[in-house]
Amino acid sequence: MITVFGSLNADLVCPVEHLPAPGETVTGPGYSVVPGGKGANQALAAALAGAPVRFVGAVGRDGFREPALSSLKTGGVDLSALADSDRQTACAFIGVDPKGENQIIVASGANLDARAAQLEGLSLGAGDLLLLQMEVTPAENWRAVEIAKAAGARVVLNLAPAGVVPPPVLQQVDVLIVNETEASQLAAQLGLPETAPEQIAARLAADFVRCCIVTLGAAGVAAFGTGGTHRLPALAVEVVDTTAAGDAFVGGFAAALHRGAPMDAALAQGIVAGGLACRKLGAQSSLPTAAEIAETLTRYRA
């Protein structure tokens, strides 16, 4: 089982001609309300890729509750450990330009009430994987790591959005996933001299985590540590919206890792899932199915 402890949002997505500069107002023709949040996105991505997934987090009792939960329910994600919150359901406000680039503001709301204690009654074990992001209270994330490691489960931490991670926590992480910006910010936090993303990832794998994966946008991904060193190219696609690309990569990768795939195969599945998610507008609405991933993997590996 993959257990995702993380965030759950309703995303308000608006297409714009260009992303606003500071102090600038831009307008769009309309907006759509779609389910999102890094935790929920990654949970659904892993489930659609074929893994058994349980989501642990918190949601409000307001009108955004059902829109935020809808795709997780239809995707077969176990929501039995979801907590109710007196805060509003978290919302993200997303502008997307014609090139698929975006700007995002998140109102955390109920995500601030997600508690690691929700994991304590679950049957975590050696065959399980705990997947974390950085959109819930950091202290709860770090407590979740302790609970998972005590139960013998593996921990995958996606450091998104970037934040401070105590070194003792990093040393308990099995797989750390960062993009170029997150890698640089973590290196600065830790006082590392490396500045290039791949060098940072290699240093993190050598001194802190068992494996570090750095996503490099159009240049693909690189992984260091357990399982050796791997560099894989990106999937060539026509980009419509990059909002869920990173989450699709993480979910697809986690699903492959959970089923026992070697690192290079897990990375390839993540890359394909992330690339396919760029073809459509929105977060969870753009996530690919296992069949779509399998078909594209064949071409990607050719």
Measuring from atom [atom1] of [X] to atom [atom2] of [Y], what distance do you get when rounded to the nearest 0.5 angstrom?
X: Leu287; Y: Asp247; atom1: CG; atom2: CG; value: 8.0 Å
X: Phe249; Y: Asn179; atom1: CZ; atom2: CG; value: 11.0 Å
X: Glu292; Y: Arg279; atom1: CD; atom2: CZ; value: 5.0 Å
X: Asp264; Y: Thr229; atom1: CG; atom2: OG1; value: 12.0 Å

Under 4.5 Å between side-chain heavy atoms, counting indirect links through other Ile/Leu/Val/Met/Phe/Trp/Tyr residues: same cluster for [X] and [Y] or not?
X: Leu204; Y: Val156; result: no
X: Val59; Y: Leu72; result: yes
X: Leu12; Y: Val96; result: no
X: Val165; Y: Phe5; result: yes
X: Phe55; Y: Leu122; result: no

[X] vs [Y] side-chain heavy atoms within contact, under 4.5 Å:
X: Leu232; Y: Tyr300; value: yes
X: Val239; Y: Glu101; value: no
X: Leu19; Y: Val26; value: no
X: Ser108; Y: Arg87; value: no
X: Met134; Y: Glu182; value: no
X: Pro167; Y: Leu190; value: yes
X: Pro20; Y: Gln103; value: yes
X: Glu120; Y: Ile147; value: yes

Side-chain donor/acceptor of [X] to backbone N/O of [Y], under 3.5 Å:
X: Asp11; Y: Val34; answer: no
X: Asn111; Y: Leu8; answer: yes
X: Asn9; Y: Gly36; answer: no
X: Asp128; Y: Gly125; answer: yes
X: Asp174; Y: Val155; answer: yes
X: Gln118; Y: Arg115; answer: yes
X: His258; Y: Met1; answer: yes
X: Thr296; Y: Ile293; answer: no

- Taking NZ, NE, NH1 and NH2 as the nitrogens, is one of them in Arg143 or Glu140 under 4.0 Å from a carboxylate oxygen of the other?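 The answer is no: the pair does not qualify as a salt bridge.
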- Electrostatic pair Arg203-Glu194, nearest N-O below 4.0 angstrom: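 So Arg203 pairs with Glu194 through a salt bridge.
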- Task: Establish, from distance only, whether the side-chain atoms of Arg65 and Thr89 form a donor-acceptor pair under 3.5 Å.
- Result: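 Not at all, the side chains of Arg65 and Thr89 share no donor-acceptor pair under 3.5 Å.
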Can you see which heavy atom on [X] is nearest to which on [Y], and at what distance?
X: His230; Y: Met263; result: CD2-CG, 3.6 Å
X: Gln171; Y: Asp207; result: NE2-O, 4.3 Å
X: Ala255; Y: Ala49; result: CB-CB, 3.7 Å
X: Val214; Y: Ala201; result: CG1-CB, 3.9 Å
X: Ala148; Y: Leu130; result: CB-CD2, 3.6 Å
X: Gln189; Y: Pro166; result: NE2-N, 4.5 Å

- Give me the one residue out of Leu129, Asp78, Val77, Leu257 that meets side chain to side chain contact (heavy atoms under 4.5 Å, CB included) with Ile2.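 Of Leu129, Asp78, Val77, Leu257, side chain to side chain contact (heavy atoms under 4.5 Å, CB included) with Ile2 is met by Leu129 alone.
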- Task: Among Thr215, Ile200, Leu159, find the one that has a side chain to side chain contact (heavy atoms under 4.5 Å, CB included) with Val178.
- Result: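 That would be Leu159; it is the only one of Thr215, Ile200, Leu159 passing the side chain to side chain contact (heavy atoms under 4.5 Å, CB included) with Val178.
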- Determine the sole option in Gln133, Glu135, Gln42, Lys38 for which the side-chain hydrogen bond (donor to acceptor under 3.5 Å, both in side chains) test with Ser7 is passed.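 Result for side-chain hydrogen bond (donor to acceptor under 3.5 Å, both in side chains) with Ser7: Glu135.
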- Does the pair Arg154 and Val175 meet the rule for a side-chain contact (heavy atoms from CB on, under 4.5 Å), with working shown? CA-CA 8 Å; Arg154 289 177 293 173; Val175 181; over 6 Å; no
- Evaluate the side-chain contact (heavy atoms from CB on, under 4.5 Å) criterion for residues Val53 and Leu131: first the C-alpha distance (whole Å), next the side-chain angles of each, then the deciding distance (0.1 Å), finally the verdict. CA-CA 10 Å; Val53 180; Leu131 178 56; over 6 Å; no
- Can Leu216 and Glu180 be said to form a side-chain contact (heavy atoms from CB on, under 4.5 Å), step by step? CA-CA 6 Å; Leu216 303 166; Glu180 296 169 87; 3.7 Å; yes
- Query: Around Glu238, counting heavy atoms of other residues, nucleotides and ligands shown, do more than 12 lie under 6.0 Å from its CD?
  - Reply: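 Counting neighbours around CD of Glu238, 12 or fewer heavy atoms of other residues, nucleotides or ligands fall under 6.0 Å, so no.
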- Verify the neighbour count for atom CD of Gln88: are there more than 12 heavy atoms of other residues, nucleotides or ligands below 6.0 Å?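 No, the 6.0 Å shell around CD holds no more than 12 heavy atoms from other groups.
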